[in-house]
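This report refers to the structure that appears directly beneath it.
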Amino acid sequence: MPTTSRWLLYLLLIPVLLLLVAALLLRLILDEEKVLEMAAGALQEQTGATLTVEGESAISLFPTLGVDLREANLILPGDESTSLHARSLVIGVQLLPLLSRRIAIDTIGLDGLLIRVQRAEPGEKLDTSGLSNEQLDAFYRERRAALEQRAKDAAGEALTVPLDLHVERLTVTDARIETAGPGADESSVVEVEKLQAFGLNLAARPVPVELRLRFPGDNPVKLRLDGTLAMDQAAQKMAVDKLHILVEGATAEPLELRARGEVDVSRQIADLALELTLGEMRGDGQLRYASFESPQIDTRLQLNLFDPVLLALAGPEAATAEPGQPEAGVSRPLPLDAIRAIDSRAELTIDRAVFGVHSITDLALTVRASDGLVTVRPATGAIYGGSIDLQATFDGRYNTAKLATTGSVQEVDVAAALSALEAGVTLTGTARAEWQLTSAGRTAEELMTGLTGPVNATVDQAVLEDLGVEKMLCEAVALVNRERMQTALPDSSRFRDLSMAITLGEGEARLKPLRAELPHLSLSGNGRLDLASKDFKSEFKARLSPGLGELDPACEVSKRLTSIDWPVECEGQITGDPGEWCAVDTEEIIEDLAKYEVQRKVEKEAGKLLDKLFD
């Protein structure tokens with residue numbers, strides 16, 4: 001009686017013996033040429049592809065039972081611009097049908113596949129910059145009509161395959177897709193490191209798919225796709241389940257997408273549920289893509305974070321460049337052709353959105369873009385402890401683009417906003433503002449510098465540090481009174497009321513009027529701020545109240561001092577030292593006092609003369 005180890009040996013020998021018997025049967029009843037002929041016929045019958053072999057062919061027993069072809073060429077039906085060449089093509093077959101001289105394809109394996117695609121000569125590149133407004137209107141009408149016609153034409157089209165496709169396993173390794181364009185700079189290469197699919201069919205049965213792509217270059221990008229697809233040729237629908245896409249190298253952090261849903265193949269419509277991850281950014285929502293509808297892309301997305309820095313392209317150049325900063329001295333035309341090609345709608349809710357140094361929380365907005373017209377309506381959120389509510393329209397339908405925005409902010413923490421801007425001035429309080437701005441131009445710079453319109457702002461409980469307005473005026477009064485101050489007054493200003501009307505235009509912010517109320521004086525004036533250089537200059541008139549003397553006896557204000565305007569001139573840079581901004585023009589005050597004294601004496605003498613006349 002054999003031992004346990006011998007039984008184990010017998011069990012291992014059985015499949016080996018069966019394989020040897022199968023090999024002997026294959027050698028007896030089939031030759032290589034016959035196998036090749038049958039395999040090529042079966043391949044054309046099931047996939048529509050024509051197979052030719054330039055190299056050697058051999059029957060393969062392990063690991064795949066079938067035929068191993070070297071230097072094989074595949075010609076796809078109805079596609080003369082694409083050529084496929086494989087260093088090795090293995091067509092695996094099922095054993096039992098083979099014994100009855102039939103071939104049932106079990107696997108298809110390609111190694112060293114080279115796909116060359118010749119891109120057709122392109123038509124003229126879309127350039128609408130030379131069209132008049134009337135021609136652009138006609139262009140939009142014709143494009144909408146063409147889209148409607150394409151939708152009608154596509155309604156009767158369907159994805160067809162010569163026969164019902166059944167391949168248990170498809171494997172592609174070490175493949176390249178070379179796309180050649182008319183110009184040298186229009187060629188591209190995609191490396192397919194691996195493609196594997198199981199149970200290929202068009203009968204709606206799930207097909208697990210694994211794909212690894214690499215886009216070579218100075219900054220190579222890798223794409224990994226895993227998921228399950230189910231194609232129903234009869235219904236022209238494809239189900240997408242557990243689709244996971246990982247992109248590395250395109251952005252500083254890997255981008256992950258997860259999707260599930262359904263694709264209507266004949267109508268070219270995809271309805272997908274999405275999840276995305278990019279660094280700290282997480283999001284989920286719905287996306288609908290419809291080739292022949294408007295909008296073509298319609299999405300609703302919830303994000304925990306939106307930061308353009310995360311979306312910046314990776315690479316050595318991107319690492320040193322400031323995101324969104326144009327090259328100094330360069331004014332680039334607006335990409336109107338690209339904007340006019342967008343037909344999308346997005347409904348977004350974002351926990352925190354970062355725009356440069358500013359952050360908006362609980363941001364909700366709806367964006368619609370079609371035929372060059374982009375609207376943001378509305379956009380609401382929280383900023384610096386307050387709230388923001390705005391609407392904006394970018395009209396790029398014509399070659400001189402227009403921008404319009406209206407909105408307001410409420411209860412904004414001024415100190416936090418100035419700190420984010422790294423401004424030299426320290427102003428505390430809560431601000432509210434309203435604006436209504438418009439602009440027009442052909443470049444982004446023209447749109448920014450051409451902003452015009454009013455901005456009305458008010459700051460409640462405002463305290464300005466490092467600039468004591470009352471101290472400055474009190475010192476001026478003491479100088480006029482020829483007295484020495486005894487009290488050290490604070491280098492800060494506490495306003496009862498601070499409001500300003502700002503008008504934007506010609507690259508400047510004009511403040512007219514600016515009004516401020518302090519406990520013992522009031523200010524009114526105007527000024528200009530250069531938006532590019534941040535230089536400003538302003539002139540104020542101060543009116544003193546008798547209570548100023550409460551700060552220091554030297555500041556005692558007589559009637560003659562309260563009856564004149566005290567000129568205060570301020571200039572400097574908004575990021576500079578506030579303590580060096582302003583000064584009181586004492587020479588003008590002395591002149592005004594002299595005029596007041598002359599006027600007072602004249603009035604006094606005139607009064608005496610009138611008294612005598614009446615007497």
Side-chain angles (χ1 to χ4, degrees), residues 303 306 308 346-369 373-395 401-421 423 425-440 444 447-464 495-517 524 526-529 531 534 536 538 574:
L303 297 173
F306 173 80
E347 185 177 321
L348 305 174
T349 54
I350 305 171
D351 294 342
R352 183 169 73 92
V354 179
F355 302 100
V357 298
H358 306 290
S359 293
I360 301 177
T361 58
D362 299 326
L363 177 62
L365 71 157
T366 299
V367 182
R368 179 71 171 97
L373 184 64
V374 183
T375 58
V376 178
R377 191 172 293 163
T380 61
I383 182 169
Y384 298 121
S387 62
I388 185 171
D389 186 344
L390 67 86
Q391 299 181 12
T393 300
F394 173 85
D395 189 347
K402 296 180 180 180
L403 176 66
T405 175
T406 60
S408 65
V409 292
Q410 302 290 335
E411 304 302 322
V412 169
D413 186 333
V414 178
L418 292 175
S419 175
L421 291 170
V425 61
T426 301
L427 177 67
T428 62
T430 57
R432 57 186 184 275
E434 298 178 349
W435 66 86
Q436 186 172 353
L437 305 175
T438 60
S439 183
L447 285 179
M448 293 304 297
T449 58
L451 282 171
T452 59
V455 179
N456 297 313
T458 301
V459 183
D460 295 325
Q461 300 178 345
V463 178
L464 178 61
F495 297 91
R496 289 178 175 175
D497 180 61
L498 178 61
S499 62
M500 63 198 76
I502 305 171
T503 302
L504 297 180
E506 300 178 354
E508 289 186 334
R510 294 185 290 274
L511 286 70
K512 186 178 181 180
L514 188 150
R515 295 189 177 92
E517 293 288 340
S524 63
N526 57 72
R528 292 175 179 269
L529 169 66
L531 297 177
K534 303 298 187 296
F536 74 93
S538 58
I574 198 70

The single option from V459, T426, T428, L427 passing side chain to side chain contact (heavy atoms under 4.5 Å, CB included) against L464
L427
Could you give the distance from OG1 (T393) to NZ (K402), rounded to the nearest 0.5 Å?
12.0 Å
Does L514 reach the side chain of L498, with side-chain heavy atoms less than 4.5 Å apart?
yes
For the CD atom of Q410 and the CD1 atom of I388, what is their distance to the nearest 0.5 Å?
10.5 Å
Walk me through it: do I502 and L511 pass the test side chain to side chain contact (heavy atoms under 4.5 Å, CB included)?
CA-CA 5 Å; I502 305 171; L511 286 70; 4.3 Å; yes
Heavy-atom side-chain proximity of F394 to L447 below 4.5 angstrom
yes
Of all heavy-atom pairs between V412 and I383, which one has the smallest distance, and what is that distance?
CG2-O, 3.9 Å
Quick check on Q461: does its CD atom have over 12 non-hydrogen neighbours (other residues, nucleotides or ligands) under 6.0 Å away?
no
Quick one: pull up OG1 in T503 and CZ in R528 and give me the separation to the nearest 0.5 Å.
10.0 Å
What's the spacing between R510 CZ and K512 NZ if we round to 0.5 Å?
9.5 Å
Does the side chain of V367 reach to within under 4.5 Å of the side chain of V374, using non-hydrogen atoms?
yes
Please list every donor-acceptor pair under 3.5 Å in which a side-chain atom of residues 429-436 meets a protein atom from a residue at least two apart or in another chain.
| residue | atom | partner | partner atom | Å |
| --- | --- | --- | --- | --- |
| R432 | NH1 | D460 | OD1 | 3.3 |
| R432 | NH1 | D460 | OD2 | 2.4 |
| W435 | NE1 | T405 | OG1 | 3.4 |

Scan the side chains in residues 349-360 for donor-acceptor partners under 3.5 Å anywhere in the protein, sequence neighbours excluded, and list what turns up.
| residue | atom | partner | partner atom | Å |
| --- | --- | --- | --- | --- |
| T349 | OG1 | Q302 | OE1 | 2.4 |
| D351 | OD1 | Q302 | NE2 | 3.2 |
| H358 | ND1 | Y384 | OH | 2.7 |

Value for CG (L365) from OG1 (T380), rounded to nearest 0.5 Å, stands at 8.5 Å
Straight-line distance of T406 OG1 to D389 CG, nearest 0.5 Å:
8.5 Å
Taking side chain as C-beta onward, heavy atoms only, is L437 less than 4.5 Å from V455?
yes
